[in-house]
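Here's the structure, in structure tokens; my notes come after.
Keep in mind the model is a prediction, meaning the values are calculated, not measured.
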Amino acid sequence: MTKKDRVQPVRLKGFRDYLPDLMAARLHLMDIIRREAGVSGFQVIGTPALEYAATLLGQGGDETDKQVYRFTDHGDREVALRFDLTVPFARFVAEHQNDLSFPFKKLQMGDVWRGENTQKGRYREFCQCDLDIIGADSAAADIEILATFQRILTSMNCGGFTQAVGHRRVLSAVIRKLLGDIGEGGETSALIAIDKLAKIGRDGVVKLLAAISGADAEGAETLVSLLLAKDSAGDTDLRAIAELLAGDELATREIDRLNKVLNAVRHVSPKGAGKVRFDLSVARGLGYYTGIVFETTLDEAPGIGSISSGGRYNDLAGRFTSRELPGVGGSIGLDRLLAALEETGKLNSETKRPVFVAVASDDGLEYACEIAATLRAAGVATDLGMVPKLANQFKHADRLGSPFTVTVGGSEAASKTYALKNMTTGEEQKALPLAGLVSTVKGALVQ
């Protein structure tokens, strides 16, 4: 191939490569999620990356639809890459409902794609780790979701974090009470505006709310002031909200349930790391939420944004089935969490460094392979020399960070021995018997 025919090795903007240490940290976090979800009875599923466009569009609102990667495939079908795992899950449940036992608790981990502006910790391809419970509209299901995410994040040793919990129906009731008759479209606009509170600030949101057709300008000021006011514990004043909505029976029931959920999650969550805060300004941009919503930030990396979020979506599966299947769930944005842990120095990025078996001569190769196989069978991570010259193999072992090398050649093969070298201190033991290989190497690793 000539120089002019070579393609410049450049990644697409918003996409990311993973070197071994970072990938090891990523897999470590996924293992924690899988373990903690498993002990709570969540079952693992998978769905395709590609869905019919009609399945995905119209569920996240106009802003989300603009971010969806969609195209016509080779069969002239309108298809799209999933922008989250929740909508495909709703399709999955409707399609397989006769094979599932409800309430159904699922864990799914997979990549999603959004054509949005990139920034620190925000990519166009990223992994979401979703927990959902479908088939139960109860405080117990809400508690189970919030508490499981609390336990997962605590197990990750990511430091202090805050799980801010809001409620879409309660927030909608407050919007209608204070802004007046703005209609369904106006209410959606109000939710989108409130969701931008952290980005554009108080005055910016008041301006957006007051501009909604039919909105009460004074009510917009009162609404934002109510959302920003916090009690001594850092919560939105739930008693003040209850008093404001005292005549609304549905809102009152939702407030009572919300209070139970918050109290229970605070009671059962692990102590010391995560805080649970009621924050009615948490609106969540996606249009399918109907009950609790939540966003979680790391206390030491607030600029990264939410690393875990979700909520209740009782009407989502109704697009695919007439059966009532209320749901609640949430997601950990794994790649944003990785970026936050890198920033705070809490990333567990240590790859398991292998013991290196160096081959001193061709007549020792088969014996070296036998030694490597023996160590691997005993659970010891082991690499094997594959280039000529022993010196080059030792250089490679050093670059890999191997703690020890096992060196063999023809004479070691004949005598069933080996040499063990500590790559940190340079100390070397020769003519060690093969019979004690595993215990000797494991003992050296422990020391």
Side-chain angles (χ1 to χ4, degrees), residues 36-45 85-87 89-90 92-94 96-108 130-153 163-173 235-236 238 241-242 245 248-270 274 276-280 282-284 286-296 308-332:
E36 294 297 337
V39 299
S40 292
F42 288 84
Q43 301 180 65
V44 183
I45 69 158
L85 299 178
T86 305
V87 178
F89 176 54
F92 170 94
V93 169
H96 301 285
Q97 57 185 295
N98 294 330
D99 302 314
L100 302 174
S101 178
F102 296 99
F104 179 64
K105 301 168 73 174
K106 77 84 161 149
L107 164 66
Q108 182 178 3
D130 278 22
L131 299 176
D132 290 90
I133 302 173
I134 199 158
D137 183 5
S138 66
D142 295 346
I143 293 164
E144 187 82 330
I145 285 293
L146 294 173
T148 303
F149 278 111
Q150 281 274 334
R151 198 174 66 252
I152 287 171
L153 292 171
Q163 189 180 59
V165 181
H167 198 290
R168 281 289 280 269
R169 281 184 175 165
V170 173
L171 178 56
S172 291
D235 294 336
T236 303
L238 192 54
I241 302 297
L245 302 176
D248 187 327
E249 292 185 10
L250 176 59
T252 299
R253 288 198 302 271
E254 294 288 358
I255 290 170
D256 289 342
R257 173 166 153 175
L258 173 62
N259 207 22
K260 291 177 183 177
V261 169
L262 292 171
N263 289 336
V265 174
R266 286 166 173 156
H267 181 70
V268 303
S269 294
V276 181
R277 293 284 179 259
F278 171 53
D279 185 351
L280 195 59
V282 177
R284 303 286 296 136
L286 297 176
Y288 49 65
Y289 290 116
T290 60
I292 65 159
V293 286
F294 66 94
E295 292 184 342
T296 311
S308 174
S309 59
R312 175 161 286 283
Y313 48 90
N314 283 357
D315 303 326
L316 190 64
R319 294 184 68 228
F320 307 105
T321 177
S322 59
R323 182 174 180 177
E324 290 189 12
L325 291 169
V328 61
S331 175
I332 290 177

Restricting to salt bridge (Lys or Arg N to Asp or Glu O under 4.0 Å), what partner residues turn up for [X], sequence neighbours left out?
{"X": "D142", "result": "R257, R312"}
{"X": "R277", "result": "none"}
{"X": "R266", "result": "D235"}

Are [X] and [Y] packed together at the side-chain level, in the sense that at least one heavy-atom pair is separated by less than 4.5 angstrom?
{"X": "R151", "Y": "S40", "result": "yes"}
{"X": "L250", "Y": "E254", "result": "yes"}
{"X": "L153", "Y": "I332", "result": "yes"}
{"X": "D130", "Y": "F89", "result": "no"}
{"X": "L100", "Y": "F92", "result": "yes"}
{"X": "V93", "Y": "K106", "result": "no"}

Minimum heavy-atom distance [X]-[Y], with the two atoms named:
{"X": "H167", "Y": "V293", "value": "N-CG2, 3.9 Å"}
{"X": "G166", "Y": "F278", "value": "CA-CE1, 4.3 Å"}
{"X": "A37", "Y": "L131", "value": "CB-CD2, 3.6 Å"}
{"X": "I145", "Y": "G330", "value": "CG2-N, 4.4 Å"}
{"X": "D248", "Y": "A173", "value": "OD2-CB, 3.9 Å"}
{"X": "L245", "Y": "A251", "value": "CD1-CB, 4.0 Å"}

Separation between [atom1] of [X] and [atom2] of [Y], rounded to the nearest 0.5 Å:
{"X": "I134", "Y": "Q97", "atom1": "CD1", "atom2": "CD", "answer": "10.0 Å"}
{"X": "L262", "Y": "I143", "atom1": "CG", "atom2": "CD1", "answer": "9.5 Å"}
{"X": "T148", "Y": "I133", "atom1": "OG1", "atom2": "CD1", "answer": "6.5 Å"}
{"X": "F102", "Y": "E324", "atom1": "CZ", "atom2": "CD", "answer": "13.0 Å"}

Inset, instruction - Applying side chain to side chain contact (heavy atoms under 4.5 Å, CB included) between L146 and each of I292, V268, V276, report the one that passes. - result: I292
Inset, instruction - Tell me, please, which residues at least two apart from T252 pass side-chain contact (heavy atoms from CB on, under 4.5 Å). - result: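 Residues passing side-chain contact (heavy atoms from CB on, under 4.5 Å) with T252: D256.
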Inset, instruction - Sequence neighbours left out, what passes ring-ring contact (aromatic ring centres under 6.0 Å, His included) with F104? Give chain and number order. - result: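 Once residues adjacent in sequence are excluded, F104 has no partner under the ring-ring contact (aromatic ring centres under 6.0 Å, His included) criterion.
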Legend entry - Listed partners of F294 passing ring-ring contact (aromatic ring centres under 6.0 Å, His included), at least two apart: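 Once residues adjacent in sequence are excluded, the partners of F294 under the ring-ring contact (aromatic ring centres under 6.0 Å, His included) criterion are F149.
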Legend entry - Side-chain donor or acceptor of N259 paired with backbone N/O of I255 under 3.5 Å: no
Inset, instruction - Give a yes or no answer on whether the side chain of T236 reaches the backbone of L280 with a donor-acceptor pair at less than 3.5 Å. - result: yes
